[in-house]
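Notes follow the structure.
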Amino acid sequence: MQSLAERFERAAAASPPLRFVDVALRGLGQVMFQDNPLTGLFFLLAIIWGAVATGQPFVAIGGVLALLVATATALALGVDRTAWRAGLYGFNGVLTGLALATFLAPGPMLIVFVILGAAVSVVVTLATQRWLAAYGIPGLTFPFVTTSWLFLLASHGFAGVAGSGLPAGAVTAPAIIVASDPLRVVDFVGGVALSISQVFLKDSLVAALLFLVGLAVSSIPAALLALAGALIAVIIAHLAGAESDLVTGGLLGFSPVLTAVALGCVFASPTPRSLAYAAFATVITVIAQVAMNAALAPVALPAMTMPFVLVTWLFLMARPAAAKS
Amino acid sequence: MQSLAERFERAAAASPPLRFVDVALRGLGQVMFQDNPLTGLFFLLAIIWGAVATGQPFVAIGGVLALLVATATALALGVDRTAWRAGLYGFNGVLTGLALATFLAPGPMLIVFVILGAAVSVVVTLATQRWLAAYGIPGLTFPFVTTSWLFLLASHGFAGVAGSGLPAGAVTAPAIIVASDPLRVVDFVGGVALSISQVFLKDSLVAALLFLVGLAVSSIPAALLALAGALIAVIIAHLAGAESDLVTGGLLGFSPVLTAVALGCVFASPTPRSLAYAAFATVITVIAQVAMNAALAPVALPAMTMPFVLVTWLFLMARPAAAKS
Amino acid sequence: MQSLAERFERAAAASPPLRFVDVALRGLGQVMFQDNPLTGLFFLLAIIWGAVATGQPFVAIGGVLALLVATATALALGVDRTAWRAGLYGFNGVLTGLALATFLAPGPMLIVFVILGAAVSVVVTLATQRWLAAYGIPGLTFPFVTTSWLFLLASHGFAGVAGSGLPAGAVTAPAIIVASDPLRVVDFVGGVALSISQVFLKDSLVAALLFLVGLAVSSIPAALLALAGALIAVIIAHLAGAESDLVTGGLLGFSPVLTAVALGCVFASPTPRSLAYAAFATVITVIAQVAMNAALAPVALPAMTMPFVLVTWLFLMARPAAAKS
């Protein structure tokens with residue numbers, strides 16, 4: 001594998017179009033913090049499978065289109081080349097494309113929105129980097145979520161596009177919660193797996209497996225932490241009495257998965273102390289996901305990965321003092 | 001004209017009351033980024049005309065009262081004199097006065113609100129300057145919008161003042177959009193003109209003309225960019241299927257007008273590259289205006305020029321990297 | 001009194017458990033900016049009295065539990081010892097515990113929430129300190145309010161805990177305001193007193209008195225300013241026509257009380273000029289409380305002391321220029 005990777009890298013160094021493909025694939029890998037084109041390839045297959053299996057091929061098309069537009073926009077805006085090559089200007093783009101194609105009705109206007117959204121995601125990434133530079137913390141998927149919110153909200157005012165997949169708006173209210181089903185093993189396993197695939201807005205077991213394998217070829221710790229994050233999320237959410245469909249559909253687990261990986265092995269070395277800190281943050285991310293779902297109900301928006309972003313920022317910002325002892 | 005301006009400036013230098021009038025007029029001009037008392041005079045005429053023509057003279061009175069209070073408050077708080085003389089502590093005040101008098105019912109409590117709001121707008125301006133100093137970006141109309149939101153929201157809890165002009169609160173929902181009317185030439189021209197006058201919350205063709213002339217006497221590029229911003233807004237909003245009344249009333253165009261002027265010739269020299277960047281930002285501002293209208297529906301607030309502020313901040317923050325290539 | 005305090009301090013220096021109690025009491029005192037264990041003792045008595053008198057002893061238990069957890073968490077995270085000893089990591093914890101136990105239904109899940117919330121409040125405090133360090137302003141009760149919002153919102157999605165004390169969600173709308181009752185002396189005095197006890201979410205006259213005495217044993221100016229803030233709030237809110245129940249229940253006065261103390265004698269020396277500045281900020285805090293109540297209606301959240309935090313930050317950030325003249 002290593003030598004294949006080396007040959008690919010050599011070929012990419014010699015061919016600008018191949019380099020572009022390489023950077024786009026790395027952009028996919030960066031959704032899970034991996035600067036690795038092979039990981040990106042697995043993620044691409046997972047996205048395509050997840051879209052085709054649910055009869056929504058246009059979702060995969062939207063994601064890939066956005067990935068290419070974002071990668072090209074970053075080049076046109078003259079961003080730092082090292083960061084560009086690592087795929088750091090692509091991951092927010094692909095997620096924006098997937099989100100817009102998931103929540104909005106297909107049509108010409110969706111294509112326009114995906115292209116504009118992907119380009120704006122790069123501008124937001126640049127601005128976020130500059131904003132956060134003083135604190136030494138990364139932008140994470142903040143550009144993806146804010147850009148998606150912008151276009152999803154705008155769909156309510158434009159007849160040319162309909163927010164067919166958006167939640168219905170409602171004043172925040174106590175959830176009507178029926179007696180929580182006992183969590184059967186099959187639902188438990190499903191909830192853990194879908195928590196991983198929902199990072200890419202996919203609810204497919206095969207896609208989940210492809211995501212995990214793609215992650216593992218780049219980093220075994222990252223794959224284990226993703227699993228651990230999903231486990232924590234499903235267990236905590238179930239024990240606290242969250243709605244069963246949300247738990248088993250992975251809809252309360254995708255943010256915790258990202259928090260676990262980010263704080264467990266990306267922005268810290270995995271020590272007992274840092275893993276305990278990451279586990280605490282992961283639990284809080286589950287609560288934050290439920291909280292933001294409630295907070296966004298009146299504006300009919302999905303929270304997406306904003307809980308991961310906010311909780312990870314919080315725990316990174318608090319760390320210098322915590323790291324002293 | 002030049003010599004008249006020189007004579008006025010010499011007289012103002014010798015007379016504190018005349019200097020105060022000079023600074024107040026410059027404050028008006030700064031709504032459109034012009035440090036020019038003659039521009040301010042045209043804008044004042046436009047505001048008075050727009051208020052009287054629609055039978056709401058108290059709106060003009062509220063604006064002028066707030067302008068004077070804000071200019072005096074800044075003096076009392078001991079702000080930097082150079083910035084004060086350029087009118088930079090007046091423009092958020094006059095806009096706050098116009099907004100409160102437009103959206104709230106006339107009465108003694110409105111006068112109290114206008115005076116307090118104008119004074120607070122100066123405090124917010126100072127705090128915003130300090131907050132943004134590290135990023136080297138300007139506060140724009142952020143103090144105006146946040147101060148106005150504060151008082152407009154408070155009107156819901158005080159019997160002494162009624163938010164008679166505020167939109168009714170509603171959960172965010174897909175807009176009920178009837179088949180978009182074909183855009184007749186007269187409506188098109190009206191939409192472009194009112195996009196300019198709505199910067200001052202006015203829907204008057206005569207006022208629009210006075211604003212344009214006032215802008216042109218200070219800066220031809222600014223006047224052309226204001227027109228270009230209005231054109232882009234009306235065309236994009238119409239093509240995307242926005243509600244016709246909003247398009248032809250200029251209600252989706254006032255923020256794009258400001259973005260176009262700010263990024264086209266105020267905070268950048270107009271080059272092909274910077275104009276393309278400004279045009280992109282202007283398109284995004286149209287989408288942001290529609291998005292914020294939807295996002296603010298549950299709290300019954302108008303978005304005012306916050307979309308201009310946020311998009312312009314975004315594109316200014318992202319620029320250093322973009323300017324590299 | 002002085003010598004008793006000295007003996008207590010000597011004993012605390014020699015005994016870690018006593019030091020822990022000392023720090024916890026100072027944490028209570030810091031809710032009103034007092035680094036004083038005797039003040040904390042009075043506040044503790046007021047909290048217990050207020051809880052028991054209204055038949056809600058679990059509210060006091062929640063507050064004390066959170067105070068101990070937050071103080072211990074800060075120790076475990078290795079925070080700066082000088083700040084820890086002054087109680088600066090405890091006051092957001094105790095308030096979070098009081099808020100969760102006030103607004104959520106008692107039960108095992110509430111205990112879990114209180115413990116998690118107290119621990120998170122320390123993380124938020126550390127992150128907020130780092131965020132605000134560049135501006136030289138304090139975090140105030142920002143960690144308390146944001147942490148409480150997180151768990152209160154999450155209660156809507158977990159069957160294990162019910163937000164029984166939360167306001168019902170509603171789209172922001174003009175308040176239905178009946179003719180304002182004339183403010184009888186007894187109601188006026190009650191409104192002033194409860195404005196002080198509501199800083200700790202208590203509506204008890206005896207508790208109010210204990211809070212005032214606790215404040216006075218540490219700082220007479222702070223006690224006078226708390227009274228002045230409460231007076232301003234009740235008078236302004238009544239004159240502007242706020243709902244009588246809110247005014248006489250102290251629900252529009254607790255934030256102004258804190259603003260008056262903070263800007264009047266904690267973060268400034270009391271001079272005529274700074275007192276005028278603090279009085280202006282106090283008036284604006286009353287308006288901000290009414291505004292935030294309206295803004296949070298759709299998400300069914302109480303504003304708690306966020307108006308105090310935002311207005312005090314605003315006036316502290318604006319001060320450097322204001323202090324020049």
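Naming convention: chains lettered A, B, ... in sequence-line order (proteins, then strands); numbering from 1 in each chain. Heavy-atom basis, side chains included; hydrogens, waters and symmetry copies ignored.
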* Could you tell me whether B:Arg19 atom CZ has more than 12 heavy atoms of other residues or ligands within 6.0 Å of it? => yes
* Structure fact -> CG (B:Leu116) and CD1 (C:Ile236) are apart, to the nearest 0.5 Å, by 8.0 Å
* Asked: If you measure from CZ on C:Phe280 to CG on B:Leu77, what distance do you get to the nearest 0.5 Å?
  -> 8.0 Å
* Asked: Roughly how far, to the nearest 0.5 Å, is OG1 of B:Thr128 from CE of C:Met317?
  -> 8.0 Å
* Asked: Which region of C:Ala295, side chain (C-beta onward) or backbone (N, CA, C, O), has a non-hydrogen atom less than 4.5 Å from a non-hydrogen atom of chain B, or is it both or neither?
  -> both
* Structure fact -> Between the CG atom in C:Asn293 and the CG atom in B:Leu153, the distance rounded to the nearest 0.5 Å is 10.5 Å
* Shortest non-hydrogen separation from C:Gly136 to B:Arg130 and the atoms involved -> N-NH2, 4.4 Å
* Begin from the C-alpha positions of B:Leu301 and C:Thr172 and carry the test side chain to side chain contact (heavy atoms under 4.5 Å, CB included) through to its verdict. => CA-CA 9 Å; B:Leu301 282 180; C:Thr172 300; over 6 Å; no
* If you tally heavy-atom pairs under 4.5 Å against chain C, which of B:Val299, B:Val122, B:Thr125, B:Leu166 wins? -> B:Val299
* Is chain C contacted by the side chain of B:Ala119, its backbone, both, or neither, given a heavy-atom distance below 4.5 Å? -> both
* For C:Val171 and B:Val171, which heavy atoms make the closest approach, and how far apart are they? -> CG2-N, 3.7 Å
* Structure fact -> Closest non-hydrogen contact found for B:Leu126 with C:Ala318 is CB-CB, 3.7 Å
* Closest heavy-atom contact between B:His156 and C:Ala294? -> CB-CB, 4.2 Å
* Compare every heavy atom of B:Leu150 with every heavy atom of C:Ile287, then report the nearest pair and how far apart it is. => CG2-CG, 4.2 Å
* Structure fact -> Counting heavy-atom pairs under 4.5 angstrom with chain C, the leader among B:Val120, B:Val161, B:Val112, B:Leu152 is B:Val120
* Which distance, rounded to the nearest 0.5 Å, do you find between the CG of C:Leu252 and the CZ of B:Phe158? -> 7.0 Å
* Report the option among B:Ala162, B:Ala154, B:Gly169, B:Gly163 that has the most heavy-atom pairs separated by less than 4.5 Å from atoms of chain C. => B:Ala154
